[in-house]
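Okay, structure first, notes after.
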Amino acid sequence: MLEDVLGCKWSLHVLQLVRSGICRPGAMERAVPGLTAKVLNERLVKLVRFGVLDKAVFAEVPPRVEYRLTAFGESFVGLLDQIAALESQRSGA
């Protein structure tokens with residue numbers, strides 16, 4: 001799982017978007033140049049399957065879907081922050 005998320009720039013973008021409060025797929029797609037609906041959907045499905053994100057579907061017309069970090073997702077993103085900090089320490093040395 002870690003390799004699949006870290007190895008994909010789009011997964012990292014999606015996690016950053018959700019973390020910053022952008023939780024609807026359309027808004028995510030508009031927020032990242034080059035991110036297509038197909039790739040976004042693939043990433044969202046994987047992140048939900050891994051237990052990093054939770055999908056909420058609202059019974060509205062038109063239907064509304066939002067994604068949130070799970071408790072595991074919050075911990076996972078914390079680990080990603082620690083990895084980024086280590087990388088910046090290594091780069092700065």
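Values reported hereafter were calculated over all heavy atoms of this structure, with side chains retained and with hydrogens, waters and symmetry mates removed.
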Side chains of residues 44-64: which donor-acceptor partners sit under 3.5 Å, not counting sequence neighbours?
| residue | atom | partner | partner atom | Å |
| --- | --- | --- | --- | --- |
| Lys46 | NZ | Asp4 | OD2 | 3.0 |
| Glu60 | OE1 | Arg64 | NE | 3.1 |
| Glu60 | OE2 | Arg64 | NE | 3.4 |
| Glu60 | OE2 | Arg64 | NH2 | 2.9 |
| Arg64 | NH1 | Glu66 | OE2 | 2.7 |

Could you pull out all donor-acceptor pairs under 3.5 Å where a side-chain atom in residues 23-40 meets a protein atom, sequence neighbours excluded?
| residue | atom | partner | partner atom | Å |
| --- | --- | --- | --- | --- |
| Arg30 | NH1 | Gly26 | O | 3.3 |
| Thr36 | OG1 | Val39 | N | 3.2 |

By the salt bridge (charged side-chain N to carboxylate O under 4.0 Å, His left out) test, which pairs, at least two apart or in different chains, include something from residues 8-18?
none
When the side chains of residues 10-19 are checked against the rest of the protein, which donor-acceptor pairs come out under 3.5 Å, sequence neighbours left out?
| residue | atom | partner | partner atom | Å |
| --- | --- | --- | --- | --- |
| Ser11 | OG | Arg43 | NH1 | 2.9 |
| Arg19 | NH1 | Asp81 | OD1 | 2.9 |
| Arg19 | NH1 | Asp81 | OD2 | 3.2 |
| Arg19 | NH2 | Asp81 | OD2 | 2.4 |

